[in-house]
Amino acid sequence: MKYRHVIFIVALILIIDQTLKFWIKTHMFMQQEFIIFPNWFRIHFIENEGMAYGLKFGGDFGKILLTLFRLVAVVIGFVYMKKLVKEKYNTGLLVCGSLILAGAAGNLIDSMFYGLIFNDSVGYEVAKFLPAGGGYGSFLHGRVVDMLYFPIYEGYLPKWIPFKGGDYFVFFRPVFNIADAAISVGVITILLFQKRFFGHHLQHKTAGQAVSQDHAVE
């Protein structure tokens, strides 16, 4: 796998992620919802000021820190991915790393620029791109656009379940975006196949060292 393949995967995810976010932001008002498949898949427009899946982090100051951390992480991520490609790591690992990098970059774009290029989504008004009066926030203070909602189960839990029995329960409750999904898929896949991903590289590296030692003996 070449470094250009990493760039292609990152660019592809970014295009899909940002295209969907732009459409949502300029065609839907806050909390508007379209049902795609009844009972389990909806497009539901919300925004969050923090981490993935709507988590928050420390107000305005925390928002700046989080955005700057994402920026540094993305820059380091590109450098590190180039190193992994050069060292010929497993293709699966490189694909997963590309997904994680693309997801981080996707949400970083929202956080850095969306406050500048969109006005606020208030009431039933749809936001405008590059509004005459300026955006809803300053640089680094953009909100992340989320829209994918999968309430696979909604209902009251059986009363025999400890602690939560009889409570109304929704699974899966978080609303997320393509960038969040890319990060989750990349991380989960690495965790599931870490032995294959890293073991293959260690075996290749050990074999290379053995060959070098044989040549040195000769």
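For the pair Leu140/Leu71, no side-chain contact is recorded, criterion being any heavy-atom separation below 4.5 Å from C-beta on. His141 places a side-chain heavy atom less than 4.5 Å from the side chain of Ile64. Using a 4.5 Å cut-off on side-chain heavy atoms (C-beta onward), Leu14 and Ile109 make contact. Contact check for Gln31 versus His44: side-chain heavy atoms found under the 4.5 Å cut-off. Counting heavy atoms from C-beta on, the side chains of Tyr114 and Lys21 come closer than 4.5 Å. At least one side-chain heavy atom of Phe45 sits under 4.5 Å from a side-chain heavy atom of Met30. The side-chain heavy atoms of Leu65 and Phe69, taken from C-beta on, include no pair separated by under 4.5 Å. Looking at heavy atoms from C-beta onward, Met1 lies in side-chain contact with Val6 at the 4.5 angstrom threshold.
Phe8 and Ile100 fall within a single hydrophobic cluster, where Ile, Leu, Val, Met, Phe, Trp and Tyr are joined by side-chain heavy atoms under 4.5 Å apart, directly or via other members. Cluster membership check: Val72 does not share its hydrophobic cluster with Met81, using side-chain heavy-atom separations under 4.5 Å among Ile, Leu, Val, Met, Phe, Trp and Tyr. Both Phe198 and Tyr80 are part of a single hydrophobic cluster, where members link through side-chain heavy atoms under 4.5 Å apart. Cluster membership check: Val187 shares its hydrophobic cluster with Leu148, using side-chain heavy-atom separations under 4.5 Å among Ile, Leu, Val, Met, Phe, Trp and Tyr. Val10 and Leu12 fall within a single hydrophobic cluster, where Ile, Leu, Val, Met, Phe, Trp and Tyr are joined by side-chain heavy atoms under 4.5 Å apart, directly or via other members.
Remark: side-chain polar atoms of Asn177 are paired, donor with acceptor, to backbone N or O of Ala179 under 3.5 angstrom. In this structure, the side chain of Asn119 engages the main chain of Lys128 through a donor-acceptor pair within 3.5 Å.
Note that CZ of Phe34 is 7.5 Å distant from CD1 of Ile24, once rounded to the nearest 0.5 Å. Atom CZ of Phe150 is separated from atom CZ of Arg42 by 11.5 Å, given to the nearest 0.5 angstrom. In this structure, Ile36 CD1 and Phe41 CZ are separated by 5.5 Å, a value rounded to the nearest 0.5 Å. We find the OH-CZ distance between Tyr149 and Arg173 to be 6.0 Å, quoted to the nearest 0.5 Å. With rounding to the nearest 0.5 angstrom, the CG atom of Leu108 is 9.5 Å from the CG atom of Leu66. Within the model, atoms CD1 of Ile43 and CG of Asp146 stand 11.0 Å from one another, a figure rounded to the nearest 0.5 Å.
Taking both residues in full, the closest heavy atoms of Asp17 and Gly106 are given as OD2-CA, 3.6 Å, listed atom of the first, atom of the second, then distance. The nearest pair of heavy atoms linking Phe197 to Thr189 is CE1-O, 3.9 Å. Nearest heavy atom pair, residue Cys96 against residue Ile190, reads CB-CG1, 3.6 Å. For the residue pair Met112 and Leu116, the shortest heavy atom distance occurs at O-CD1, 4.2 Å. The two residues Tyr136 and Lys25 have their closest heavy-atom pair at CE2-NZ, 4.2 Å. For Gln32 against His27, the heavy-atom pair with the smallest separation is OE1-O, 4.1 Å.
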**OP:** Under the salt bridge (Lys or Arg N to Asp or Glu O under 4.0 Å) rule, what do Arg70 and Asp110 come out as? Steps first, then yes or no, please.
**Re:** CA-CA 11 Å; Arg70 281 175 173 160; Asp110 295 30; over 6 Å; no
**OP:** Could you please spell out the steps behind the side-chain contact (heavy atoms from CB on, under 4.5 Å) verdict for Val145 and Met28?
**Re:** CA-CA 11 Å; Val145 175; Met28 296 178 66; over 6 Å; no
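For the side chain to side chain contact (heavy atoms under 4.5 Å, CB included) test, residues two or more places apart in sequence or in another chain that qualify with Lys2 are Arg4, His5.
Between Phe118 and Phe22, the ring center distance clears the sub-6.0 Å criterion. Ring centroids of Tyr153 and Phe171 are separated by 6.0 Å or more, keeping the two rings apart.
Ring geometry, Phe172 versus Phe176: the interplanar angle exceeds 60°, so the pair is classed perpendicular (tilted spans 30 to 60°).
A 6.0 Å sphere centred on OH of Tyr168 holds more than 12 heavy atoms belonging to other residues, nucleotides or ligands.
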